[in-house]
Amino acid sequence: MKRTIIIMLFSAFCSAWCAGAQNKKKAGTGSKAIENVECLFDTAFEVKTATILSKEEARKKGVPLALVRNSNEKLAIMAKGADGELQPFYMRGIEVGFWDTRRKGSDTDYDKVFEAYSKLGANAAMFMIHWSDIEPQDGRFDFTYTDGILEKAKRHGVKIVWVLFMHEQFDMPFLTAPEDLWMYNLDTRDGDNYAIQWVKDKEGNIIKDIKTQRERKYSEIMPCYSHPVVYGRIVRMLGQLASHYKDSEDVIGVQIGNEEHISYQGEDADFNPYTLEAFEKWKEETGETSWNRFKLGIVKLWFSRFTTAFHLQDPYKITMMNPIAGGPEKGETGIIDRSGTDATTFRDSKIDAIATMFYWPSALNIWKNLDQVYRVNDTWSYPTRLPLLMSTEIGIRSLNTWPYTQEYMVGFLERGSQGFAVYSYGHVGNPEGETNEYGEYYRKFMAMVAANEDIIWPGLPGTGDNISITATYGGGKVSCLHNGNEQTLGILHFPDDMPDETKENRIDIPVEVRVNEAGGYRIEIYKDGILTETHKENLPAAKGKVFYINISNKEVAFIKVTKNNEIMKK
């Protein structure tokens with residue numbers, strides 16, 4: 001198709017959408033309405049992230065959930081509890097909702113599922129939904145399904161993050177087939193579907209319809225986000241979702257899409273005329289010509305507008321995103337070039353939270369790349385600046401053996417995250433609410449997290465100026481969080497012993513507690529999900545006290561040290 005025709009079609013659709021748009025809120029002074037896809041290249045556009053409040057402001061405003069800045073500069077989530085008051089909230093999550101519990105023709109009892117969450121020590125569900133679950137017909141919104149899920153979760157003290165699929169995979173028989181869903185069929189002409197991303201095969205052929213992509217054994221259909229009508233519908237839908245749950249005490253936020261970006265299907269994508277027109281516009285704006293750099297840029301522009309659409313209606317809840325299987329964050333150049341995402345995508349799209357996926361031993365490479373991007377001075381920026389660290393998918397059971405799952409969770413804790421979730425409920429339990437041995441591993445770990453949230457929630461990485469906790473030998477590493485000079489949490493773990501071929505051993509690990517301020521201290525040691533030892537000590541300044549912890553190199557222990565001058569008086 002000639003470029004002039006593309007421009008005419010592009011302009012026509014932009015005009016049609018702008019004429020019909022109902023909400024003309026501006027994202028910033030001088031910027032175009034967010035519903036207009038042309039705002040992607042508007043330099044005056046102001047991206048809206050989650051509003052950060054003080055604790056006092058959050059309580060005064062009466063918001064159901066807030067991102068607050070503590071006196072030590074750490075950002076942390078507060079949510080209303082059963083008493084209606086804002087309380088510290090640290091996400092202990094499990095993902096659920098599609099392949100593990102949702103089946104065509106089945107009626108899963110989510111009361112049983114969320115009851116199992118309570119037994120497992122989880123306080124949040126990353127609940128998977130599809131766009132069509134809340135907008136079954138173009139412009140007709142129906143939240144009956146999601147409201148029902150939320151009501152059942154609330155009964156069991158479980159909060160929700162919506163994992164909002166805007167694409168559909170061909171292995172989702174519990175959803176209407178993509179061929180029959182309105183959002184993928186907004187613009188079909190001459191047998192070509194302009195509402196989806198067009199894929200190129202090995203022979204260089206461009207595949208332009210759902211039927212052929214299915215026949216070629218591609219796994220999913222991805223919307224064409226640069227199509228003005230598709231883009232406008234997404235912006236409208238995100239606004240409706242945010243508005244509907246704005247006052248809910250039980251919704252944490254939304255993960256916008258699931259592995260959504262430029263499709264990784266075929267040999268390359270997206271060759272939809274509207275994306276190609278955006279490429280031409282990008283080249284004019286930047287003076288660059290690289291197709292792969294364009295993809296990195298356009299994905300950031302899309303998601304900066306999507307998070308803004310959500311925050312225009314709800315300025316307080318959290319938005320997240322996750323590139324495909326953690327590959328871009330690992331630095332895998334092939335998937336970076338194909339998907340248009342990398343470790344900088346979260347930051348530059350101004351998404352509120354990094355929802356990186358941790359699968360398999362190769363996920364260890366994620367930290368190297370993320371930590372390089374998200375640094376401030378000599379530590380990580382995750383605790384004090386957006387984007388937060390809140391992974392939605394840490395593999396468990398068949399997706400990670402337990403030592404890897406455990407080590408990835410420790411990685412989130414030591415970096416001052418605001419929580420994490422495992423993937424998925426189906427790997428720790430079943431629709432009848434019965435849990436397995438991996439559920440028991442998860443329960444014990446989360447019991448230790450919950451017992452130490454008084455440090456984890458406000459804590460910053462490192463030992464602070466007073467209390468240090470170290471392992472002197474035996475192969476163990478102690479990672480610390482500190483809450484001022486009064487409290488430090490040490491997590492004893494064995495990052496070098498995760499591989500299956502490493503033999504499990506039990507050993508007495510000497511752990512030294514050293515303080516700079518002499519006084520009374522309480523030392524609590526947690527193992528296997530419970531408090532196993534409590535020591536009350538009068539510690540002199542700058543002289544260490546050694547405790548021996550008998551532990552397997554495939555386990556972790558939590559060591560909480562709290563200054564308590566009442567101990568000294570006794």
Discussion item. Set out, in order, the CA-CA distance, both residues' side-chain angles and the distance that settles ring pair (Phe, Tyr, Trp, His ring centres under 6.0 Å) for F412 and Y382, then state yes or no.
Written reply: CA-CA 10 Å; F412 277 84; Y382 312 119; 8.4 Å; no
Worksheet item: Are F165 and H130 near enough that their ring centres are under 6.0 Å apart?
Response: no
Worksheet entry | Value rounded to 0.5 Å, distance of CG in D352 from CG in L75 | 10.5 Å
Worksheet item: Would you say P323 and E329 make side-chain contact, with heavy atoms under 4.5 Å?
Response: yes
Practice prompt. May I ask you to decide if the ring planes of F98 and F174 are parallel, tilted or perpendicular, using 30° and 60° as cut-offs?
Written response: tilted
Discussion item. Could you check whether any side-chain heavy atom of L388 comes within less than 4.5 Å of a side-chain heavy atom of I354, counting everything from C-beta outward?
Written reply: no
Practice prompt. Determine, stepwise, if the pair Y425 / W99 fulfils ring pair (Phe, Tyr, Trp, His ring centres under 6.0 Å).
Written response: CA-CA 10 Å; Y425 174 75; W99 296 273; over 10 Å; no
Discussion item. Does atom CZ (R155) have a neighbourhood of more than 12 heavy atoms from anything else shown, all under 6.0 Å?
Written reply: yes
Worksheet item: Got a salt bridge between D138 and R140, using NZ or NE/NH1/NH2 to carboxylate O under 4.0 Å?
Response: no
Worksheet item: Would T101 and Y110 satisfy side chain to side chain donor-acceptor pair (under 3.5 Å), going step by step from the backbone distance to the final call?
Response: CA-CA 9 Å; T101 53; Y110 282 103; 2.8 Å; yes
Practice prompt. May I ask you to check if R305 and F45 form a cation-pi contact, with NZ or CZ under 6.0 angstrom from the six-membered ring centre and within 45° of the axis?
Written response: yes
Worksheet item: Judged by atom type as modelled, is there a donor-acceptor pair below 3.5 Å linking the side chain of E259 to the main-chain atoms of A325?
Response: yes
Worksheet entry | Side-chain heavy atoms of I324 within contact of I335, under 4.5 Å | yes
Discussion item. Whether the side chain of N430 engages the backbone of G433 through a donor-acceptor N/O pair (distance < 3.5 Å, no angle test) should be reported.
Written reply: yes
Worksheet entry | W291 ring center within less than 6.0 Å of W282 ring center | no
Worksheet entry | Flag side-chain contact, heavy atom, 4.5 Å: K317 against F310 | yes
Worksheet item: Looking at P178, S132, P223, which hits side-chain contact (heavy atoms from CB on, under 4.5 Å) with M183?
Response: S132
Practice prompt. Check for a donor-acceptor pair, side chain of N185 on one end and backbone N or O of L181 on the other, with a separation under 3.5 Å.
Written response: yes
Discussion item. Would the distance check show the side chain of R338 and the main-chain N or O of G266 forming a donor-acceptor pair, the cut-off being under 3.5 Å?
Written reply: yes
Discussion item. Quick check with a 6.0 Å cut-off and a 45 degree axis cone: is K283 positioned over the face of F279's six-membered ring?
Written reply: yes
Worksheet item: Does the side chain to side chain contact (heavy atoms under 4.5 Å, CB included) test come out yes or no for W302 and V37, once each step is laid out?
Response: CA-CA 9 Å; W302 290 336; V37 73; 5.9 Å; no
Item to complete: Evaluate the criterion side chain to side chain contact (heavy atoms under 4.5 Å, CB included) for residue pair Q265 and S219; output intermediate values, then yes/no.
Response: CA-CA 7 Å; Q265 304 291 291; S219 63; 3.2 Å; yes
Practice prompt. Could you walk me through whether T392 and Y423 pass side chain to side chain donor-acceptor pair (under 3.5 Å), step by step?
Written response: CA-CA 8 Å; T392 56; Y423 183 87; over 6 Å; no
Discussion item. As a quick check of understanding, evaluate side chain to side chain contact (heavy atoms under 4.5 Å, CB included) for M128 and V96, giving each step before the final call.
Written reply: CA-CA 6 Å; M128 291 176 276; V96 70; 5.7 Å; no
Practice prompt. Determine, step by step, whether D268 and K295 satisfy the side chain to side chain contact (heavy atoms under 4.5 Å, CB included) criterion, reporting the C-alpha distance in whole Å, the side-chain angles of both residues, the deciding distance to 0.1 Å, and the verdict.
Written response: CA-CA 11 Å; D268 201 357; K295 289 197 283 187; 2.8 Å; yes
Discussion item. A side-chain contact here means heavy atoms from C-beta on lying under 4.5 Å apart; do R347 and Y374 qualify?
Written reply: yes
Practice prompt. Working to the nearest 0.5 Å, report the span between CD of Q213 and CG of N193.
Written response: 9.0 Å
Discussion item. Around atom CG of D107, are there more than 12 heavy atoms from other residues, nucleotides or ligands closer than 6.0 Å?
Written reply: no
Worksheet item: Distance-only, no hydrogens or angles: does the E260 side chain make a donor-acceptor pair with backbone N or O of M166 under 3.5 Å?
Response: yes
Worksheet item: Any idea which heavy atoms bring V158 and A122 closest together, and the distance?
Response: CG2-O, 4.3 Å
Practice prompt. With rounding to the nearest 0.5 Å, note down the distance linking OG1 in T49 to CD1 in I318.
Written response: 9.5 Å
Practice prompt. Flag yes if more than 12 heavy atoms outside R103 fall under 6.0 Å of its CZ atom; otherwise flag no.
Written response: yes
Worksheet entry | K281/E277 ion pair, N-O < 4.0 Å | no
Worksheet item: So, does T212 use its side chain to make a donor-acceptor pair with the main chain of D209 at under 3.5 Å?
Response: no
Worksheet item: Does W162 have its ring centroid less than 6.0 Å away from the ring centroid of Y245?
Response: yes
Worksheet item: Would a distance-only check, ignoring hydrogens and angles, find a side-chain to backbone donor-acceptor pair under 3.5 Å from E135 to G139?
Response: yes
Discussion item. Treating D190 as the side-chain partner and D192 as the backbone partner, does any N or O pair qualify as donor plus acceptor under 3.5 Å?
Written reply: no
Worksheet item: Counting heavy atoms not belonging to K80, are there more than 12 under 6.0 Å from its NZ?
Response: yes
Worksheet item: Any cation-pi pair here, R397 with Y359, using under 6.0 Å and within 45°?
Response: no
Practice prompt. Check whether any side-chain heavy atom of L164 lies under 4.5 Å from a side-chain heavy atom of L238, and answer yes or no.
Written response: yes
Worksheet item: Mind checking whether F114 and H156 have ring centres under 6.0 Å apart?
Response: no
Practice prompt. Start with the C-alpha gap between D100 and H427, add the side-chain angles, then the distance that decides, and say whether side chain to side chain donor-acceptor pair (under 3.5 Å) holds.
Written response: CA-CA 8 Å; D100 54 353; H427 290 96; over 6 Å; no
Worksheet item: Are any side-chain N or O atoms of T307 and backbone N or O atoms of S304, one a donor and one an acceptor, separated by less than 3.5 Å?
Response: no
Fill in: Ion pair check, D337 and R293, cut-off under 4.0 Å
no
Discussion item. Is the terminal nitrogen or CZ of R92 (NZ for Lys, CZ for Arg) located under 6.0 angstrom from the six-membered ring centre of F420 and within 45° of that ring's axis?
Written reply: no
Worksheet item: Which pair of heavy atoms, one from K48 and one from T308, lies closest together, and at what distance?
Response: N-OG1, 3.0 Å
Discussion item. Go through it in stages, so that I can follow the logic: the residues are Q255 and N322, the test is side chain to side chain donor-acceptor pair (under 3.5 Å), and I'd like the CA-CA distance, side-chain angles, deciding distance and then a yes or no.
Written reply: CA-CA 8 Å; Q255 180 178 296; N322 63 342; 3.1 Å; yes
Practice prompt. Indicate yes or no: at least one non-hydrogen side-chain atom of R233 is less than 4.5 angstrom from one of W131.
Written response: yes
Worksheet item: Counting distance only, does the side-chain N/O of D270 pair as donor-acceptor with the main-chain N or O of W198 below 3.5 Å?
Response: yes
Worksheet item: Should E249 and K159 count as an ion pair when the cut-off is N to O under 4.0 Å?
Response: no
Discussion item. Counting only heavy atoms from other residues, nucleotides and ligands, does the tally under 6.0 Å from NZ of K152 exceed 12?
Written reply: yes
Worksheet item: Is there side-chain contact between L389 and Q418, with heavy atoms separated by less than 4.5 Å?
Response: no
Worksheet item: Roughly how far, to the nearest 0.5 Å, is CG of N369 from OG1 of T344?
Response: 11.0 Å
Worksheet item: From N205 CG over to I207 CD1, what is the distance, rounded to the nearest 0.5 angstrom?
Response: 7.5 Å
Worksheet item: With a 6.0 Å cut-off on ring centres, are Y117 and Y442 close enough?
Response: no
